[in-house]
Protein chains: 2
Amino acid sequence: MSRALTTEQRIKEAAKKVFISKGLAGARMQEIADEAQINKAMLHYYYRNKQQLFKNIFDEVIAEFAPKIMAILGEELSLEEKVNKFVGHYLDLLRANPFIPLFLFSELRNQPHEVVEKVGIKRGGVLKRLEKQLKKEAQAGRIKPITPIEFIANLVSLTVFPFLAQPMLGEIFGLKDKEFEGFIEQRKVTIPEFIMSAINLKH
Amino acid sequence: MSRALTTEQRIKEAAKKVFISKGLAGARMQEIADEAQINKAMLHYYYRNKQQLFKNIFDEVIAEFAPKIMAILGEELSLEEKVNKFVGHYLDLLRANPFIPLFLFSELRNQPHEVVEKVGIKRGGVLKRLEKQLKKEAQAGRIKPITPIEFIANLVSLTVFPFLAQPMLGEIFGLKDKEFEGFIEQRKVTIPEFIMSAINLKH
DNA sequence: CAAATAGTTAACCAAATAGTTAAACTATTT
DNA sequence: AAATAGTTTAACTATTTGGTTAACTATTTG
C-alpha cells in the first residue's frame, strides 16, 4: 500500500463529493470514477451498483452528523450553555461541510422514515429531558413558556438555514467566501444572544 | 376550446409538479407527459427540450414567489407590522406550496447569479430602506442594534426552515399533515413574538 | 517459485431516456 | 369547400448511462 489512499477510500471521497453536490439522480458513475481517477468498473467492483454506493455514502454522512449534535440537547447543561454549545459546534461542523444540509434534506424527502431511524432521535430520551428543562425554567419564571418542538425548530432553523441560502446571501449581500465565514463566525455569538433574548423574561 | 385546460397549461401544471418533487435531474419527460395525459412528443412541440421546459417552470415559480414577499420588507410599516405581515403572508404561501423551498434552494446551487437576478433583489432599494429603519429604531433605544443581513436571515430562517425539515419534524414529533398545518398556523403568532422579543429593549 | 487470489482495465451491452419525423387529424381562414 | 395553419399521435432514432465481461496485472500465499 504505497499510495496515500486506497482505491476504496478514493472512491468514497469521490462519491461523497459528487453525490453531495449533485444528488443521487444528478450524479454520474463516470463522474465519480473520473473524480477518483479510476476505471468505472471499479465502482461496481467495490459497490455492486449506484444505489448501494449511494446508501453507503449517505449512511456515513448521517452517522457523522446526527449523533454528536443531538446529544448536546440532552446533556446536563443550563439552557444558555446548551444553546451556546449547540450553535458553536453545529456551525463549525457546517462550515467545514456546507453542502451537507441541502444534500440531507433533498434525500430526506425520498425516505423520511429511514433517515430518522438512522439519525436515531427517539421521541423519548433527549426530547423528554429537554421538555422537562423548558417546563422547569418556565415555571420558575426565568423564561417564557415554549414547546420543545418550537425551541428546537427555532434553534436549528437559525443555525442551519444560512448554509442552504448561502449562494443567495452571497449574491444579495455581496458576501465572498471569506466574508461568509466571518458572518458565520459572528453568528456563533448573535444566534445564542437572539434566542436567549427571545425567551428570557429578565434582562 | 371546450376542455377545461389547454394542452400547454396541462403541460405546465404537470411539469411543475414533477420538477418540484424530483428536481431537474430526477424528472423524466415521460413522467411529465403521463401526468399531463399527453404524448411525449407534445412536450417537445411546446418546449423544444427538457432544459427549456425547466427554465420556463423555474422562472414562473420564482416570479410567483419572490416579488410579493420581498416587497413587504420595503413597505412603510413599523418593524412589528413588517414582521407580522411577512411571516403571515409567507407561511400561507408556503403552506400552499410546501415543496417550493427545497426546489428553489436545490436549483439555486447551479446558478446563483441568475436566480438572484430573477428574484430581483438589488442591494439598494428595499435593503437600504430596511437598514435605515433598523438604525433609527436602535438609535431611539427601542431595539437592540442588528444588521439587516442578520435580521433578514433570522426572519427567513424561522419562516422557511420548517418546510424543508417537514418530513423530519413529522417523524420525530409524530406530526401528521393536519398537525403540521396546526404547527404552522401557530407559528404565525410565535415567530413574530420570538423575533420581537429577541430584538426589543422594552417589555 | 508457482498457483491462487485480489485488483484493474478497456471494450462492450442493454436499458432508459431525450429528442425527431412524418403522417393524420382538427380548427381556422379565404 | 378548398386551402392553410395549427395540433396530436405513433413510430422511430440518437444518446446517455448503469452495468457486465473477459483479459490482463499485481499481490499474496502455500
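So that the names make sense, note that chain A is the first sequence line, chain B the second, and so on, each numbered from 1.
A ring pair (Phe, Tyr, Trp, His ring centres under 6.0 Å) with B/Phe105 is found for exactly one of A/Phe161, A/Phe105, A/Phe99, namely A/Phe161.
As a whole-Å value, the separation of B/Leu53 CG from C/dG19 C1' is 13 Å. In this structure, CZ of A/Phe54 is placed 16 Å from C1' of D/dG18, rounded to the nearest angstrom. Taking atom CG on B/Leu43 and atom P on C/dT20, their separation rounds to 13 Å, with Å as the unit. For the pair A/Lys50 NZ and D/dT20 P, the interatomic distance rounds to 15 Å; values are reported in whole Å. Taking atom CD of residue A/Gln51 and atom C1' of nucleotide D/dG18, one finds them 11 Å apart after rounding to whole Å. Rounded to whole Å, the distance from OH on A/Tyr45 to C1' on D/dG18 is 20 Å. Here D/dG18 presents its P atom at 15 Å from CD of A/Gln52, a figure rounded to the nearest Å. Distance CG (B/Asn49) to C1' (D/dA14): 15 Å, rounded to an integer number of Å.
Distances shown here put a side-chain N or O of B/Thr7 below 4.0 Å from the OP1 or OP2 atom of D/dT8.
Residue B/Lys188 holds its NZ atom at 9.5 Å from CD1 of B/Ile184, rounded to the nearest 0.5 Å. From B/Phe194, atom CZ reaches atom CG of B/Asn154 across 9.0 Å, with rounding to the nearest 0.5 Å. The CD atom of B/Glu114 sits 9.0 Å away from atom NZ of B/Lys55, with the distance rounded to the nearest 0.5 Å.
In this structure the side chain of B/Ile20 never reaches within 4.5 angstrom of the side chain of B/Leu102, judged on heavy atoms. Within the 4.5 Å cutoff, no side-chain heavy atoms of A/Ile149 are placed close to those of A/Leu127.
For B/Glu35 and B/Arg10, the salt-bridge test fails: no basic side-chain N is under 4.0 Å from an acidic carboxylate O. The residues B/Glu185 and B/Arg95 are annotated as salt-bridged, a charged nitrogen and a carboxylate oxygen being separated by less than 4.0 angstrom. Salt-bridge check for A/Lys144 with A/Glu137: failed, with every basic side-chain N at 4.0 Å or more from each acidic carboxylate O.
Look at C/dA11: its Watson-Crick or wobble partner, with both distances under 3.5 angstrom, is D/dT20. Nucleotide C/dC25 has D/dG6 as its partner under the Watson-Crick or G-U criteria, with both atom distances under 3.5 Å.
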Produce the list of close N/O pairs, under 3.5 Å, pairing protein atoms with atoms of nucleotides 9-14 of chain C; give distances to one decimal.
{"unit_1": "C/dT9", "atom_1": "OP2", "unit_2": "A/Asn39", "atom_2": "N", "d": "3.4"}
{"unit_1": "C/dA10", "atom_1": "OP2", "unit_2": "A/Asn39", "atom_2": "ND2", "d": "3.3"}
{"unit_1": "C/dA10", "atom_1": "N7", "unit_2": "A/Asn39", "atom_2": "ND2", "d": "3.1"}

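Side chain of B/His44, nearest nucleotide from C/dA18, D/dT8, D/dT20: C/dA18.
Within 4.0 Å of B/Tyr46, counting heavy atoms only, lie sugar-phosphate atoms of the nucleic acid but no base atom.
Heavy-atom distances under 4.0 Å link DNA chain D to no residue of residues 17-31 of chain B.
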